[in-house]
Amino acid sequence: MTVDSMVALVAAHPWVAEARLTPGGAITVRPEPAATLAGPEPGPLLREHLDHWSEVYDWVYQEAVGRHSDDLDLSGWRASDTGQPLPIEHMREWLACTVGLVLAQRPRRVLEIGCGTGLLAHRLHPHLHGYVGTDVAQTAVQRLGDADLPRTAFVQAAAHETGTARVRAAMDGAFGRAVAPDCVLLNSVTQCFPGLGYLAEVLRQALAVVADGGTVIVGDIRHSDLLTAHFTWLEQARDPGLGGTDLRNRVRAAIVADEELSFSPRAVAAVLAAGDRPVRVSLHARTMEQDTELTRYRYDLVLHVGAGSSKVSAPVRTIPWSEQLGAALAETLRAASADEPIVVSGIPNALLNDVPTAVTPHALRHAVRELDAAVLLDPEDPRLLAVAAPAAGGLLTVEDLVGSGSQIGPEAHEPLAGFVRRRLPEVLRDHLRRQAPGTRPPRIVVADDSDDRGTR
């Protein structure tokens, strides 16, 4: 078979928009946009990415390495720098912080997308009228269903399948017929998403299903503005003597190879701005005591949805951290009232800033533990913290977030492009072998500018 014939065969594949022979004898291809479409039904290449993670987690949950008890299955929870399981007490505090954030919204009916082994389900359901959990891993869904937790239902479904009949049937059983959840929860699941297009589709469905006045909580998000800091920390932990150009090159290569999604709040703001429901947003710091990647480089988003999303109508008084120094933070915040909400801003995070005025998120949480207050992330710079009292005083508008950020990092790191660069040539080489047995396929590469985000 001639090279031109092979190019024509590759170009005819439904996942290919264009194929051409390039100098050196390689076939360069551009993916067909429909192959990486995010929704409402994922394209085939994006679906393969989702299936990969489904298979990974189903295997992890079957192996159950890290299953300490029915309500504490930490399978898959390992430190990126050492590969060792994260400390149990740290994970217990991680759970307590997440449960506290959810219950602070006073939900009655929770739909959790990506419930995993049920770490949150076991702790939330006693406080709720109803709970529904979905997950792609059949092993997890089966095990949780067998646990027979009161007022719960579990169904196998991907994150983009919130609107399907089987999920609606589970909600009807747990909440009542046609009753909407007042909280949709996605915790520590977005890192498995292929890109912003898929995130947008999942959020659109979550916002469509949640009750007016409810919340959509996206928790344990990897912050893209901290990606370089994160991977620098990881590489130095693995090789303490690494520095200079070698360190920078290693970090760049690690980020390129990273297979998990990271994104900033401004990426979510773009999704919310395109929606038709009023939403206000709060950005929460992770406040565990132990210094790990879960505390340093992740954050939580709470989307307050509907006409009642603005719980504080009075103007918010902002106090710079520099003016607060030397005064008792709790006393300052205790003076706050519904008539004058207070936000103390510009607090250097001691986990990420080596300055005398820095303080850890955990220390701030401890300082305001008896108050209606929240430890927040600065929308302009994730290396800075803020404290709002009352907690609702920290709500931001979508306009506050659009264009926010100091541009210390990218809006997002999306693994889909890397997956396509690896997977599509494999598919096309197999295609050539089937169409022309005995043919030795040439090298096939995906065009560098084919970073398709899977948007609709």
CD1 (Ile255) and OG1 (Thr232) are apart, to the nearest 0.5 Å, by 7.0 Å
Between Asp212 and Arg277, does at least one N-O distance fall below 4.0 Å, as a salt bridge requires?
yes
Which atoms form the tightest heavy-atom contact between Ala374 and Ala391, and what is the distance?
CB-CB, 3.8 Å
Using a 4.5 Å cut-off on heavy atoms from C-beta on, say whether the side chain of His304 contacts that of Ser282.
yes
Tell me whether His68 at atom NE2 has more than 12 heavy atoms from other residues, nucleotides or ligands lying less than 6.0 Å away.
yes
For Asp239, side-chain hydrogen bond (donor to acceptor under 3.5 Å, both in side chains) partners two or more places apart:
none
Does the pair Arg296 and Glu293 meet the rule for a salt bridge (charged side-chain N to carboxylate O under 4.0 Å, His left out), with working shown?
CA-CA 5 Å; Arg296 280 178 169 243; Glu293 61 193 295; over 6 Å; no
Examine distances only and state if a side-chain atom of Glu93 and a backbone atom of Met91 form a donor-acceptor pair shorter than 3.5 Å.
no
Name all residues meeting the salt bridge (Lys or Arg N to Asp or Glu O under 4.0 Å) criterion together with Arg252; count only those two or more places apart in sequence or in a different chain, and write none if there are none.
none
Going by side chain to side chain contact (heavy atoms under 4.5 Å, CB included), Ile347 matches just one of Val375, Leu385, Leu329. Which one?
Leu385
With sequence neighbours excluded, what pairs up with His223 under the ring pair (Phe, Tyr, Trp, His ring centres under 6.0 Å) test?
Tyr299
Quick one: which residue pairs count as a side chain to side chain donor-acceptor pair (under 3.5 Å) with a foot in residues 345-362, not counting sequence neighbours?
none
Hits for ring pair (Phe, Tyr, Trp, His ring centres under 6.0 Å) against Phe154, two or more places apart or cross-chain, chain-then-number order -> Tyr131
What is the minimum heavy-atom distance between Trp15 and Glu48, and which atoms define it?
CH2-OE2, 3.5 Å
When rounded to the nearest 0.5 angstrom, what distance separates CG in Leu227 from OG in Ser264?
11.5 Å
If the test is salt bridge (Lys or Arg N to Asp or Glu O under 4.0 Å), which one of Arg109, Arg177, Arg166 qualifies with Asp172?
Arg177
Looking at every heavy atom in both Gly83 and Arg78, which two are closest together, and how far apart are they?
O-NH1, 3.0 Å
Looking at every non-hydrogen atom in both residues, tell me the closest pair between Leu50 and Pro42 and how far apart they are.
CD1-CG, 4.1 Å
Donor-acceptor pair between Arg286 and Thr98 side chains, under 3.5 angstrom
yes
His125 side chain near Pro150 side chain, heavy-atom distance below 4.5 Å:
yes
Side chains of Val216 and Leu301, heavy atoms from C-beta outward: is any pair under 4.5 Å?
no
Scan side-chain atoms only and decide if Thr332 and Gln324 contain a donor-acceptor pair under the 3.5 Å cut-off.
yes
Minimum heavy-atom separation for Leu144 and Thr117, please, with both atom names.
CD2-O, 3.5 Å
Looking only at heavy atoms, what is the nearest atom pair of Pro341 and Pro315, with distance?
CD-O, 3.4 Å
Rounded at 0.5 Å granularity, tell me how far CD in Glu340 sits from CD1 in Ile342.
5.0 Å
Quick one: list whatever passes side-chain hydrogen bond (donor to acceptor under 3.5 Å, both in side chains) with Thr292, sequence neighbours left out.
His90
Any donor-acceptor N/O pair, Arg92 side chain to Glu89 backbone, under 3.5 Å
no
Could you tell me whether a side-chain N or O of Asp135 sits under 3.5 Å from a main-chain N or O of Val141, the two making a donor and an acceptor?
no
Residues forming a ring pair (Phe, Tyr, Trp, His ring centres under 6.0 Å) with Phe231, sequence neighbours excluded
none
Has the side chain of His122 got a donor or acceptor atom that lies under 3.5 Å from a matching backbone atom of Asp70?
yes
Sorted by chain and residue number, the salt bridge (Lys or Arg N to Asp or Glu O under 4.0 Å) partners of Glu41 (sequence neighbours excluded) come out as Arg47
Quick one: pull up CD in Glu112 and CG in Leu120 and give me the separation to the nearest 0.5 Å.
5.0 Å
Applying side chain to side chain donor-acceptor pair (under 3.5 Å) between Asp225 and each of His230, Arg266, Arg383, report the one that passes.
Arg266
Given the rule in the side-chain contact (heavy atoms from CB on, under 4.5 Å) test, do Ser188 and Arg298 qualify, once you have shown the distances and angles that lead to the verdict?
CA-CA 10 Å; Ser188 198; Arg298 302 197 183 196; 3.9 Å; yes
I'd like to check Arg123 versus Leu72 (side-chain heavy atoms, cut-off strictly below 4.5 Å). Are they in contact?
yes
Quick one: does Val99's side chain get under 4.5 Å of Leu103's, heavy atoms only?
yes
Would you say Glu414's side chain and Leu196's backbone share a donor-acceptor pair under 3.5 angstrom?
yes
Contacts of Arg222 meeting salt bridge (Lys or Arg N to Asp or Glu O under 4.0 Å) (sequence neighbours excluded), chain-then-number -> Asp258, Glu260
Could Glu235 and Arg238 be called an ion pair, given the rule that one side-chain N must be under 4.0 Å from one carboxylate O?
yes
Can you check whether Leu86 reaches Trp94 side chain to side chain, under 4.5 Å on heavy atoms?
no
Tell me which pairs pass side chain to side chain donor-acceptor pair (under 3.5 Å) where either residue lies in residues 144-159, with sequence neighbours left out.
Gln142-Asp146
Distance-only polar pair, side chains of Asp400 and Thr397, donor-acceptor under 3.5 Å:
yes
Looking at residues at least two apart in the chain, or sitting in another chain, which of them share a side-chain hydrogen bond (donor to acceptor under 3.5 Å, both in side chains) with Gln84?
none
Mind checking whether Phe419 and His52 have parallel, tilted or perpendicular rings, split at 30° and 60°?
tilted
Does any non-hydrogen side-chain atom of Tyr297 lie less than 4.5 Å from one of Trp233?
yes
Without swapping roles, check the side chain of Glu161 against the backbone of Ala158 for a donor-acceptor pair under 3.5 Å.
yes
Using ring pair (Phe, Tyr, Trp, His ring centres under 6.0 Å) as the criterion, list what pairs up with Tyr61, not counting sequence neighbours.
Tyr57
Within a strict 4.5 Å, meaning less than it, do heavy atoms of the Leu401 and Leu272 side chains meet?
no
Between CG of Leu45 and CG of Leu416, what distance do you get to the nearest 0.5 Å?
7.5 Å
Any side-chain donor-acceptor pair under 3.5 Å between Thr215 and Gln105?
no
Quick check for you: to the nearest 0.5 Å, what is the distance between Asp182 atom CG and Leu111 atom CG?
11.0 Å
Go through it in stages, so that I can follow the logic: the residues are Val302 and Leu101, the test is side-chain contact (heavy atoms from CB on, under 4.5 Å), and I'd like the CA-CA distance, side-chain angles, deciding distance and then a yes or no.
CA-CA 9 Å; Val302 180; Leu101 179 65; 4.0 Å; yes
